[in-house]
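The structure appears below as structure tokens.
Lettering of chains follows the sequences in order, A, B, ..., and the numbering in each one begins at 1. Side chains are part of it too, since the values below use all heavy atoms of this structure and drop only hydrogens, waters and symmetry mates.
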Protein chains: 2
Amino acid sequence: MDIDSSSLKTGTGSEARDEIVRAAAEVFMEFGFAATSIDAVAERLGATKGRIYHYYRSKAELYFDVQIAAMERLLREIEPIARGEGNAAERLEAMALRHTTILLEDLPIQKVAVRGLERELLGAVAARHAKTLRSIVRMRDDYEQIFAEVIDDGIRAGLFADLPPRLATKPFFGAMNWLTVWYAPRRLQKPEDIAEIARTLTEFAMRGILKGAQP
Amino acid sequence: MDIDSSSLKTGTGSEARDEIVRAAAEVFMEFGFAATSIDAVAERLGATKGRIYHYYRSKAELYFDVQIAAMERLLREIEPIARGEGNAAERLEAMALRHTTILLEDLPIQKVAVRGLERELLGAVAARHAKTLRSIVRMRDDYEQIFAEVIDDGIRAGLFADLPPRLATKPFFGAMNWLTVWYAPRRLQKPEDIAEIARTLTEFAMRGILKGAQP
DNA sequence: TTGCCGACATACCGATGAGTATGTAACCTC
DNA sequence: GAGGTTACATACTCATCGGTATGTCGGCAA
């Protein structure tokens, strides 16, 4: 009867759903979940509600799909680096650089994901979407865990400042993810500008966690 | 006829307004501006809409008052430190420690302020509240400027890593302000826990900006 | 004591927007 | 080429919520 009861992009309408997700991400990024109307998303698509509700059963489901798309990309790109070669500091730096670059490149989707599951959702529609919700929270936890493990490696190797790994992860992400708050892409953004921002944030985060050389 | 056309807490009803602001901050923190209903704020107060609309003319005005309360406290406490004694590194560290501590102590109000003027507002009610809006943006800029100047001092004194000051400010705030995303106060939160978090974040941010000793 | 006013509560209105029901044109299949 | 299905658009319903209009009650001044 319908496309797919889950939010997975299986088969039918996969590219149509992708286009909807991208448009939705732009509007969600701009106004947040609550203040975004489905009509507004449809207008950005040059279409009407009908198109969206043909592929998604609710606004929440669409929102979840944005989050999933974001987390899938991050996990897919960062995990191999974490499991790759190099010592903890080298791997962590490569992960951070890739992470910030993805945020900057894929801003709408990533910004929505970084903002996170706004509390309004957890309380409101938690029951109906409990399974999807858990899987998203799971992905976020997994992602943080990847960083936490590398950081833990580095601490035990004596490379990083001696902090509780879980707590050290927070400002590390903070230094990077904060860009979703202050960064506004300019028309004619040059790729090297993005690269410079990514490099600066990565260096800051790495200095924050590396063991100081002053004895 | 009415209390005060501006959002200033002048004279009449000052403490009543304060109580409303605190309750509003809690609900805004939880649900964001758009998803927060005035009825919900009233319920948290154990009152009805009537009480709120007696002191505030709109939901936006109430929201602005939360932001103003937050920025006033930050400016009031941090500026003296910036203008105090000590070299740039010492002053910046004291500022950061105070900043994070205030965020943790005053979480609801500060979290709303850190989240910032959500874009939905700027577009929607910008015209009616243009003056208030400008003054809030002004306070935020001033606050960031205080940090930027100390950071600039430190860079020129050769204490800090050689970065564009405006760009260096971003991850510095990021490492600290990110706590508003991940930190959830626990029942029976001990003051020393707050102090440890504040110290850890401050140390991270300072290491991030201090010139590395490795030649 | 009377009359006014501040401090709310209650009752109501109108707009917005999520979700649904229904139409409909193209396309695919046999 | 008839019947079904996909991919939408259109039209409508209904609940929520911001804001307002009005009522009420206690205190305070004359």
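What separates NZ of A:K49 from P of D:dT13 is a distance of 14 Å, to the nearest Å. Rounded to a whole Å, the OH atom of A:Y55 is 13 Å from the C1' atom of D:dT5. Summarising the geometry, the separation between CZ on A:R51 and P on C:dT20 is reported as 20 Å, rounded to the nearest angstrom. Atom-to-atom, CD1 of B:I38 to C1' of C:dA15 comes out at 17 Å; the value is rounded to the nearest Å. Rounded to a whole Å, the OH atom of A:Y56 is 21 Å from the P atom of C:dG17. Atom P of nucleotide C:dA18 and atom CZ of A:F28 are separated by 9 Å, given to the nearest angstrom. If you take CZ of B:F31 and C1' of D:dG18, they are 18 Å apart, rounded to a whole angstrom. One interatomic measurement links the two molecules: OH of B:Y53 to P of C:dG6, which rounds to 21 Å at whole-angstrom precision.
The aromatic rings of B:H99 and B:F173 sit perpendicular to each other, their planes meeting at more than 60°, with 30° as the lower class boundary. Ring pair B:H129/B:F64 is perpendicular by interplanar angle, where above 60° counts as perpendicular and below 30° as parallel.
Mapping A:G50 and A:D39 onto DNA chain C by nearest heavy atom places A:D39 at the nucleotide closer to the 5' end. Each of B:A47 and A:S58 was matched to the nucleotide of DNA chain C holding its nearest heavy atom; the match closer to the 5' end belongs to B:A47.
Using a 4.0 Å cut-off between charged side-chain N and carboxylate O, B:R83 and B:E149 make no salt bridge.
Between C:dG17, D:dA9, D:dC8, one nucleotide has an atom nearer to the side chain of A:T48 than all others, and that is D:dA9.
Considering only side-chain N and O atoms, B:H54 lies under 4.0 angstrom from the phosphate OP1 or OP2 of C:dA7.
Side-chain atoms of B:Y55 and B:E19 include no donor-acceptor pair closer than 3.5 Å.
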